[in-house]
Amino acid sequence: MPLTPHEQRILEEIEKRLAEEDPRLAESVARATVTSHALRRIRWGIAAFVVGFVMLTLFALSVWAGVAGFVVMLASGLMVYTYLKRMGRDQLRTIEGGGRLSVTAALARMVERFRHSRGQS
């Protein structure tokens, strides 16, 4: 639903005041997107997965370290999957089209292949 001209003026006034009061905040809000937020969370999830794997390899030293590592790996894997799913197919394709070799793009391709192999569209 589009804004009325009055609401649009109010919104522009709020944006102007924000830029005057805190220019750094206004700049960071202007740069932030849903995709950049999701990619940041995916990277943290991948890092947590690696930490969980290291903890899992400590299973020989302590059973609890191994169990905690498994739980960390499971939770981080679910987090990565959830954010990849939230980003959606179109945003994942734009990331792949960027030409950069990244873990996130590789995970996105793996998720797409998994969906296609299961017959989902």
Side-chain angles (χ1 to χ4, degrees):
M1 176 154 86
L3 297 175
T4 65
H6 177 68
E7 292 171 334
Q8 188 68 33
R9 282 192 305 272
I10 292 173
L11 182 61
E12 288 170 0
E13 184 179 324
I14 291 171
E15 289 175 353
K16 182 181 168 186
R17 285 184 187 171
L18 175 64
E20 289 171 357
E21 290 176 9
D22 195 353
R24 280 186 20 211
L25 176 64
E27 181 183 331
S28 68
V29 168
R31 280 186 308 184
T33 62
V34 173
T35 305
S36 65
H37 175 72
L39 288 174
R40 190 176 318 117
R41 293 291 176 125
I42 288 169
R43 287 185 189 113
W44 277 108
I46 292 169
F49 189 87
V50 171
V51 169
F53 182 75
V54 170
M55 290 172 65
L56 186 63
T57 58
L58 297 175
F59 183 75
L61 298 176
S62 169
V63 173
W64 294 110
V67 170
F70 176 76
V71 169
V72 169
M73 287 176 64
L74 181 65
S76 62
L78 288 173
M79 184 177 85
V80 168
Y81 175 74
T82 300
Y83 279 103
L84 284 173
K85 193 173 175 182
R86 277 188 193 172
M87 285 175 61
R89 184 175 299 137
D90 295 333
Q91 291 174 343
L92 292 176
R93 284 193 183 128
T94 60
I95 293 170
E96 287 178 11
R100 285 187 355 196
L101 180 61
S102 69
V103 174
T104 306
L107 283 173
R109 286 190 297 272
M110 286 175 39
V111 168
E112 281 298 315
R113 288 180 191 147
F114 179 74
R115 285 183 183 163
H116 286 297
S117 68
R118 292 188 65 200
Q120 297 175 347
S121 295

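Just so it is clear, the model here is predicted, and its values are computed rather than measured.
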What distance do Phe59 atom CZ and Trp64 atom CH2 have between them, rounded to the nearest 0.5 Å?
10.5 Å
Please report the interatomic distance CG(Leu78) to NZ(Lys85), rounded to the nearest 0.5 Å.
11.0 Å
Run the side-chain contact (heavy atoms from CB on, under 4.5 Å) test on Glu7 and Leu11 for me, step by step, so that the C-alpha distance in whole Å, both residues' side-chain angles and the decisive distance to 0.1 Å come before the verdict.
CA-CA 6 Å; Glu7 292 171 334; Leu11 182 61; over 6 Å; no
If hydrophobic clusters are built from ILVMFWY residues whose side chains come within less than 4.5 Å, do [X] and [Y] share one?
X     : Y     : result
Met73 : Met79 : no
Tyr83 : Val80 : yes
Tyr81 : Ile42 : no

If you look at every heavy atom in [X] and [Y], which pair is closest and at what distance?
X     : Y     : value
Ser76 : Gly45 : CB-O, 3.3 Å
Gly66 : Leu56 : O-CD1, 3.3 Å
Met55 : Gly69 : CB-CA, 3.5 Å

Taking Glu27 first and then Arg24, would you say they form a salt bridge - that is, a charged N and a carboxylate O separated by under 4.0 Å?
no
Check this for me, if you would: do Lys16 and Glu12 make a salt bridge, where the nitrogen-to-carboxylate-oxygen distance has to be below 4.0 angstrom?
no
Evaluate the salt bridge (Lys or Arg N to Asp or Glu O under 4.0 Å) criterion for residues Glu20 and Arg17: first the C-alpha distance (whole Å), next the side-chain angles of each, then the deciding distance (0.1 Å), finally the verdict.
CA-CA 5 Å; Glu20 289 171 357; Arg17 285 184 187 171; over 6 Å; no
